[in-house]
Amino acid sequence: MSGVPIIGLAGLALLLSAADARAADDPYAALQLYNGAWKVKPDTGAPSRVENRCKATGLFFVCEQVVGDKTQALVVFMPTGPGAEGEQTYRTQAMGTAADAGGGWSRLTISGRRWIYEPEDVPAGQKDLERMVNVFIDDDHIHFEVQRSTDGGPWTRKSSGNEERVK
């Protein structure tokens, strides 16, 4: 997604309720799941290793994303409040290296184990949109899907893959 770098159903209900309880008490608790090293395996292409170095810094929660030995992005999260039925929402922005232009703000909506990153600052007349949907299978496994919509139509899968925490 532009501006956003790069998540057994038995027991899933228990995991969902634990995530909801964390978000209700602390809007940063759910975001802590990103912290650490991940093996990213897209459905097509080579796997990679991403390390997220995450921390609450006051109003903001930030994750420095490192691929190999190089910082690729700083992702900033700002809670905008609880939503309906236990959802938590954030404004997010990914800032890349100095050569990269800064992207606009996006919106992250966390509903249980489903996280949806959608563009917030969409230029007038832009008809093609992308969003990222992460589903945390558990705290160490994420299924992700990049989805595309044209002219406000339905979201269709563009690419997908899985992430596994490296221990």
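Predicted, not measured: the structure shown is a model, and the values here were computed from it. Position 1 is the first residue of the sequence; numbering continues from there.
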J.: Between His141 and Glu164, is any pair of side-chain heavy atoms under 4.5 Å apart?
T.: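 Yes. Closest side-chain heavy atoms under 4.5 Å.
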
J.: Should Phe136 and Tyr34 be marked as a side chain to side chain contact (heavy atoms under 4.5 Å, CB included) after you check the CA-CA gap, both sets of side-chain angles, and the distance that decides it?
T.: CA-CA 10 Å; Phe136 281 80; Tyr34 270 144; 4.2 Å; yes

J.: Are the side chains of Tyr117 and Val75 in touch, meaning some heavy atoms are under 4.5 Å apart?
T.: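 Not in contact.
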
J.: Working to the nearest 0.5 Å, report the span between OG of Ser149 and CD of Glu118.
T.: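 With rounding to 0.5 Å, OG (Ser149) is 10.0 Å from CD (Glu118).
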
J.: Please enumerate all residues that pass side chain to side chain donor-acceptor pair (under 3.5 Å) together with Glu87, with sequence neighbours excluded.
T.: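 Residues passing side chain to side chain donor-acceptor pair (under 3.5 Å) with Glu87: none at all.
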
J.: Can you name the nearest heavy-atom pair linking Cys63 to Phe77, along with the distance?
T.: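 Closest approach of Cys63 to Phe77, heavy atoms only: SG-CE1, 4.1 Å.
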
J.: From Thr80 OG1 over to Arg91 CZ, what is the distance, rounded to the nearest 0.5 angstrom?
T.: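 The distance works out to 8.5 Å.
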
J.: Do Val133 and Arg114 have side chains that approach each other closer than 4.5 Å (heavy atoms only, starting at C-beta)?
T.: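 Heavy-atom side-chain distance check passes, below 4.5 Å.
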
J.: Side chains of Ile116 and Trp155: does their closest heavy-atom pair fall under 4.5 Å?
T.: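 Heavy-atom side-chain distance check fails, nothing below 4.5 Å.
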
J.: Mind listing the closest non-hydrogen atom pair of Gly161 and Asp43 along with its distance?
T.: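 Result for this residue pair: CA-OD1, 3.7 Å.
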
J.: Compare all side-chain heavy atoms of Leu108 with those of Leu31 and state whether any distance is below 4.5 angstrom.
T.: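 Yes, at least one pair of side-chain atoms sits under 4.5 Å.
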
J.: Mind checking the NZ-CE spacing from Lys158 to Met132? Nearest 0.5 Å is all I need.
T.: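 Nearest 0.5 Å value for the NZ-CE distance: 10.0 Å.
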
J.: Test your reading of the model: is there a side-chain donor-acceptor pair from Arg165 to the backbone of Asp139, 3.5 Å cut-off?
T.: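 It does hold such a pair.
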
J.: Just to verify, what does Asp128 make a side chain to side chain donor-acceptor pair (under 3.5 Å) with, not counting sequence neighbours?
T.: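 Applying side chain to side chain donor-acceptor pair (under 3.5 Å) to Asp128 gives Arg148, Thr150.
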
J.: Can you measure from OG (Ser159) to CD (Gln147) and round to the nearest 0.5 angstrom?
T.: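 Going from the OG atom of Ser159 to the CD atom of Gln147 covers 10.0 Å.
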
J.: What are the two closest heavy atoms between Gly81 and Thr89, and how far apart are they?
T.: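 Result for this residue pair: O-OG1, 2.9 Å.
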
J.: Nearest heavy-atom pair of Pro79 and Pro27: which atoms, and what distance?
T.: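 Of all heavy-atom pairs spanning Pro79 and Pro27, the closest is CB-CB, 4.0 Å.
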
J.: Considering only heavy atoms from C-beta outward, does the side chain of Lys167 approach that of Asp140 to under 4.5 Å?
T.: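 Yes, their side chains come closer than 4.5 Å.
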
J.: Going by the side-chain contact (heavy atoms from CB on, under 4.5 Å) test, name the single residue among Phe61, Tyr90, Phe60 that passes it with Val76.
T.: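 Result: among Phe61, Tyr90, Phe60, Phe60 is the only option passing the side-chain contact (heavy atoms from CB on, under 4.5 Å) with Val76.
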
J.: Taking side chain to side chain donor-acceptor pair (under 3.5 Å) as the test, write out the residues that go with Asn35, two or more places apart.
T.: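 None.
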
J.: Quick one: OG1 on Thr92 to CE on Met78, what's the gap to the nearest 0.5 Å?
T.: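 The OG1 atom of Thr92 sits 10.0 Å away from the CE atom of Met78.
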
J.: Under the side chain to side chain contact (heavy atoms under 4.5 Å, CB included) rule, what do Cys54 and Tyr28 come out as? Steps first, then yes or no, please.
T.: CA-CA 10 Å; Cys54 301; Tyr28 304 108; over 6 Å; no

J.: Please name the pair of heavy atoms, one in Asp69 and one in Val66, separated by the smallest distance, quoted to 0.1 Å.
T.: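 Looking at all heavy atoms of both residues, the closest pair is C-CG1, 4.1 Å.
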
J.: Quick one: CG on Asn162 to CH2 on Trp38, what's the gap to the nearest 0.5 Å?
T.: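 Nearest 0.5 Å value for the CG-CH2 distance: 11.0 Å.
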
